[in-house]
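Note sheet for the following structure.
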Amino acid sequence: MNVEGALMEARAGDAAAVRAARVSAIAGKYADPVDVEGRFPREAVEAMRAEKLLSIQIPTHLGGEGASITEIAELCSILGQTCAASAMVFAMHQIKLSSLVEHSAGSDWHRDFMRRIAKEQLLLASATSERGIGGNLRNSICALKFEGDTCFLEKDATVISYGAHADAILITSRSHAEAAPSNQVLTVFLRDQYRLERTIEWNALGMRGTCSDGFLFKGEALAAQILPTPFAEIAAQSMLASSHLLWSGVWYGIAADAVARAQAFVRDAARKSPGTPPGALRLAEVSSLLQMVKSNVVGGLKIYEEARADPNRLSSMAFAVAMNNVKIASSEMILPIINHAMLICGLLGYQNGTPYSLGRHLRDAHSAQLMISDERILGNTSTMLLVHKQDTSLLG
């Protein structure tokens, strides 16, 4: 990505994009060592804090800026064009923040916590996975235990992305020891309220900087830190939608930078020899594929923004199918785009350390179909389509 060009373009737009472009420049500077060393992108996250981007979604009366999901998705795409791991950390933080913003009404503790996030720029992590549930985040084995106003939780979490670096973890569990596996709550645990014992080390093909280790979590907190809304509603009305949309923003950023590198390669080739340079036709083709991803994400964001005013619509099968389709389309389209870009750039795209290198893009993009498995999402969608009529109108 041409960071200077992106910053100039951002200056013509909104202030948040300018700030994100500055963070993106720092993230890009450290993207390769973060990837090679598999380390947390601390420089990028500190830049997010300095630019006060970690609280951008929080309502203004609680110290934030009240940014919409569409605005946040744009920031994810800006960050994704230089360092996918940094962008994914930002996206996952904002997904957890959406649970607080949308589902903690009436809770003094959570309102005060959001004020603290805004003031101190706290980083939030998520613990929804658990050994023994087979990737189904809508079931939990672990359960909260209570003694007076205090709750206790022990959870064998197979993944807590950047868990060792977070300031708080939002974690799912059964609401009490006798609750059914699907009777879940979401609880905020602050850093000084839990211990983490690493059980799985994150040594992955891509997204290495997310540091998505597995941990045995042991925590003790006030019962007031349990979100008042059941997790079933949180998942259906905001968490899954924001996950699919913000992740898609990150993936679009990865693909956009791959296409930008391919375009730079073709332009350089055109300067060296007259006529249509090799790769020009493929560049036109990959540009159209990138436009399809953009249209898919923008369309999904529009659906979500329109549905937010109606909780019934957010909980409907039609909405769930639409959000699932956004995720499936985005995650499956970015790999062909990066492959096209690789064919355009040839060996200079295949090699590391060139202006056209695409190895990190390709490896990071492979995570897209695995983050909430596309197979699981397609299975859920197929079940819903058995009882829900698909909207076939062009503008519906």
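Throughout, numbering of the chain's residues begins at 1 and tracks the sequence. As the structure is a computational prediction, the values presented were derived from the model and not from experiment.
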Cluster partners of Leu370, using ILVMFWY side-chain heavy atoms under 4.5 angstrom, listed by chain and number?
-> none
Not counting sequence neighbours, list each pair that qualifies as a salt bridge (charged side-chain N to carboxylate O under 4.0 Å, His left out) and has a residue in residues 59-72.
-> Arg19-Glu65
Please identify each residue that fulfils salt bridge (Lys or Arg N to Asp or Glu O under 4.0 Å) with Asp112, with sequence neighbours left out.
-> Arg115
side-chain contact (heavy atoms from CB on, under 4.5 Å) filter on Thr70, not counting sequence neighbours, yields Ser68, Leu301, Glu305
Tell me, which pairs form a ring-ring contact (aromatic ring centres under 6.0 Å, His included) where one or both residues lie in residues 85-112, sequence neighbours left out?
-> Trp109-Phe113
Would you please name every residue forming a side-chain hydrogen bond (donor to acceptor under 3.5 Å, both in side chains) with Ser248, sequence neighbours left out?
-> Ser330
Set of residues satisfying side-chain hydrogen bond (donor to acceptor under 3.5 Å, both in side chains) with respect to Gln351, sequence neighbours excluded | none
Name all pairs fulfilling the ring-ring contact (aromatic ring centres under 6.0 Å, His included) condition that reach into residues 15-63, sequence neighbours left out, sorted by first residue then second.
-> Phe40-His165
By salt bridge (Lys or Arg N to Asp or Glu O under 4.0 Å) - contacts of Arg174 (at least two apart) = none
Can you give me every donor-acceptor pair (side chain of residues 135-144, partner residue at least two apart or in another chain, under 3.5 Å) with its distance?
unit_1 : atom_1 : unit_2 : atom_2 : d
Asn136 : OD1    : Arg138 : N      : 3.1
Arg138 : NH1    : Ser182 : O      : 3.4
Arg138 : NH1    : Gln184 : OE1    : 2.3
Ser140 : OG     : Gln184 : NE2    : 2.8

Review item, side-chain donor-acceptor pairs of residues 210-219, under 3.5 Å, at least two apart:
unit_1 : atom_1 : unit_2 : atom_2 : d
Thr210 : OG1    : Met207 : O      : 2.8
Thr210 : OG1    : Ser212 : OG     : 2.9
Ser212 : OG     : Ser161 : OG     : 2.7
Asp213 : OD1    : Trp202 : N      : 2.6
Asp213 : OD2    : Arg198 : NE     : 3.0
Asp213 : OD2    : Arg198 : NH2    : 3.3

Side-chain polar contacts of residues 264-271 - donor-acceptor pairs under 3.5 angstrom, sequence neighbours left out - could you list them?
unit_1 : atom_1 : unit_2 : atom_2 : d
Asp268 : OD1    : Arg271 : NH1    : 2.5
Asp268 : OD2    : Tyr356 : OH     : 2.2

